[in-house]
Amino acid sequence: MTQPLIKTQTLSGFRDFLPAEMMAREALVATARDVYRSYGFSPIDTPALEYSEVLTGKSGEESEKQLYRFTTKGGRDVALRFDLTVPFARFAAQHIGQIGTPFRRYHIATVWRGERPQRGRYREFMQCDFDTIGTDSHLADIETLLVIHDLFGRLGFERFTIRVNHRQLLNGLLETLGLADKSTAVLRALDKLPKIGREGVQRELIEGVGAIDATADRLLEFAAISGTPGEVLAQVESLLDGNGRGLDGIALLRQLFDCVATAGVPADRVALDVSIARGLDYYTGTIYETFLDDLPGIGSVCSGGRYDNLAGLFTKQPLPGVGASLGLDRLLAAMEELGRLGASATPADVLVVLFDESRAGDYFRMARELRADGVATEVYPQARALKKQLQYADRKGFRFALIAGSDEFAQGVWQLKDLANGEQRQVGSEELSSSIRDRLSEGRS
RNA sequence: GUGGGUAUAGCUCAGUUGGUUAGAGCGCCGGAUUGUGGUUCCGGAGGUCGCGGGUUCGAGUCCCGUUACUCACCCCA
């Protein structure tokens, strides 16, 4: 009897990535990194595993339920990080003496949440965070928006909207309504407006928050405000009854929209949406959510905002900051739905056909010359039929096949076949890499 | 944690009121004469029908249980 085979399966919410997907993932990561670095954010990393108390400190019960938590053999209570913000708070408190303020970092890494997976949501996924801490300047908030904008631009998106809000608008309104202590519950209710509609939110405000009808109406009126940023701000201002906190928020948002426009961001990319609120409690100022216009249903693909004090649990030094997180896997899921993922499964541009095994050294030498010139090149590992090798090249998505047999070696030339259009030309060894690079750059521009 | 849906070939699925050796498309492998891919044609491999029990002369099909996956809620990227 042969042993029964082990069933091949991955855990729910955990995934394998095939080359074509992985290429797209890596391209996204590389772009995010480039954009962050172009603004001066520095890379950091932290352990995947932390002491549980570090992670559970501030997060509510909900986050704790989602934690992958266990006891080590040595009896330590540990957990996998469920976001990058909390580990960053620990990191900042621990190292702020060496790194100084203001401090800007980006952190691209995997996080884990034990929640039920669904569309665009996984148990193991990657976040691309960037934050500026150690300053409460509103200019850092504005620059955060610029980063988000440039990021999506560089990722190749043209149709996206960054929705902006400021927590003080709603907090100011809640003060005037006597609901200041219910802000979290109200925010969560209003956040659901697009999903459960006006009546649903109204019910939740009355039953869940305990608001009276008139108050709920006032909140809904507030959440329903729309228009250009200028129009919205004017309407909000009239609802605020001169509340100082709210008016401060309005002034900050006016500055933000002016400044961003002057800096060169098209007006239709940024919207003021007073109904976005974010569930997380620690945002205290500006709030951002980014939606793809062609696929809004998948949710926000980049969210963030300002917090008063990042690391209050770990240090007495106040560390205000602002930042955002790109949800890489959700974005990737969206791109797949939109048919925006490339099909190529190879990072190399050129496949050297191994025609004659006794000339292996010559094939390897040419491949190395091409690589030295920046052209990624794979040499087929065995001398199979030319047909097979070209089939392989086509399936994997190589752009060029390089062929040489005894005739070519005798003349010192190569057959350069462009697999995109089938054109084949004879090229001398010396011109090969420049010829390939020229044609690659044509195709990409 | 709550509610719904689905489990048949590597993938996407079909499978009539239970009835012989379980099918298709795609993919994979091979072939269509000697050094040319994508298209086409031909051939082939590949499945204890998620698992366990029950009803029945007979179960992929009906019933119960179980596990996994999936969608939505909660929450969130």
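Chain identifiers are assigned alphabetically (A, B, ...) following the order of the sequence lines, protein sequences preceding nucleic acid strands; residue numbering begins at 1 within each chain. Note that these values count all heavy atoms, side chains included, but never hydrogens, waters or copies made by symmetry.
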* What pair of heavy atoms forms the shortest contact from A:P347 to A:M23, and how long is it? -> N-SD, 3.6 Å

* Which sits closer to the 5' end of RNA chain B, A:V301 or A:K387, going by the nucleotide each is nearest to? -> A:K387

* **Gap between atoms CD and C1', on A:E408 and B:rU36 respectively (whole Å)** => 11 Å

* To do: Name the nucleic acid region contacted by A:F355, choosing base, sugar-phosphate or nothing; use a 4.0 angstrom heavy-atom cut-off, strictly under.
  => base

* Looking at B:rC75, B:rA72, B:rG37, which one has an atom nearest to any side-chain atom of A:L419? -> B:rG37

* To do: Using a 4.0 Å heavy-atom cut-off across all strands, classify A:S325 as base, sugar-phosphate, or nothing.
  => nothing

* **Whichever of A:A420 and A:C302 has its nearest RNA chain B nucleotide further upstream toward 5'** => A:A420

* To do: For A:D329, report the nucleic acid contact type (base, sugar-phosphate, nothing); a contact means any heavy atom under 4.0 Å.
  => nothing

* Asked: With sugar-phosphate meaning primed atoms plus P, OP1 and OP2, does A:G422 contact a base, only sugar-phosphate, or nothing at under 4.0 Å between heavy atoms?
  -> base

* Side-chain ion pair, A:D136 and A:R306, N-O less than 4.0 Å -> no

* In a check of ring-ring contact (aromatic ring centres under 6.0 Å, His included) between A:F152 and each of A:F160, A:Y288, A:F291, which one passes? -> A:F160

* B:rG38 P sits how many Å from A:Q389 CD, rounded? -> 15 Å

* Asked: Does the side chain of A:S300 get closer than 4.0 angstrom to OP1 or OP2 of B:rC76 through an N or O atom?
  -> no

* Asked: Between A:R116 and B:rA68, is there a side-chain N or O to OP1/OP2 distance below 4.0 Å?
  -> no

* Do the ring centers of A:F41 and A:Y106 come within less than 6.0 Å of each other? -> no

* **Listed nucleotide nearest any side-chain atom of A:D394, set B:rG37, B:rG35, B:rU70** => B:rG37

* Asked: Does A:R395 have a side-chain nitrogen or oxygen under 4.0 Å from the phosphate oxygens OP1 or OP2 of B:rC29?
  -> yes

* Asked: CZ of A:R359 versus C1' of B:rG35: gap in Å, rounded?
  -> 16 Å

* Rounded to the nearest angstrom, tell me the gap between atom CZ in A:R121 and atom C1' in B:rU70. => 14 Å

* Asked: Within the structure, does a side-chain N or O atom of A:Q118 lie under 4.0 Å from either OP1 or OP2 of B:rA72?
  -> yes

* Asked: Which nucleotide in the list B:rU70, B:rA77, B:rG30 gets nearest to the side chain of A:K388?
  -> B:rG30

* Asked: With a 4.0 Å cut-off on heavy atoms, is A:A324 in touch with a base, just the backbone sugar-phosphate, or nothing at all?
  -> nothing

* Structure fact -> Atom CG of A:D16 and atom P of B:rG10 are separated, to the nearest Å, by 16 Å

* Asked: Can the ring centroids of A:F130 and A:F88 be said to lie less than 6.0 angstrom from one another?
  -> no

* Asked: For A:F125 and B:rA77, is the gap between ring centres under 5.5 Å while the planes differ by less than 30°?
  -> yes

* Electrostatic pair A:R365-A:E369, nearest N-O below 4.0 angstrom -> yes

* Send over the distance from A:R384 CZ to B:rG31 P, rounded to a whole Å. => 9 Å

* Asked: Among the nucleotides B:rG35, B:rA77, B:rC69, which one has an atom lying closest to any side-chain atom of A:S12?
  -> B:rC69

* Asked: Which is true for A:Q424 with a 4.0 Å heavy-atom rule: it touches a base, it touches only sugar-phosphate, or it touches nothing?
  -> base

* Contact class for A:L332 (heavy atom, under 4.0 Å): base, sugar-phosphate, or nothing? -> nothing

* Sugar-phosphate, base or nothing in reach of A:I403, heavy atoms under 4.0 Å -> base

* Spacing of A:F398 atom CZ relative to B:rU36 atom C1', expressed in whole Å -> 16 Å

* To do: Between B:rA77, B:rU70, B:rG37, spot the one nearest the side chain of A:P117, thanks.
  => B:rU70

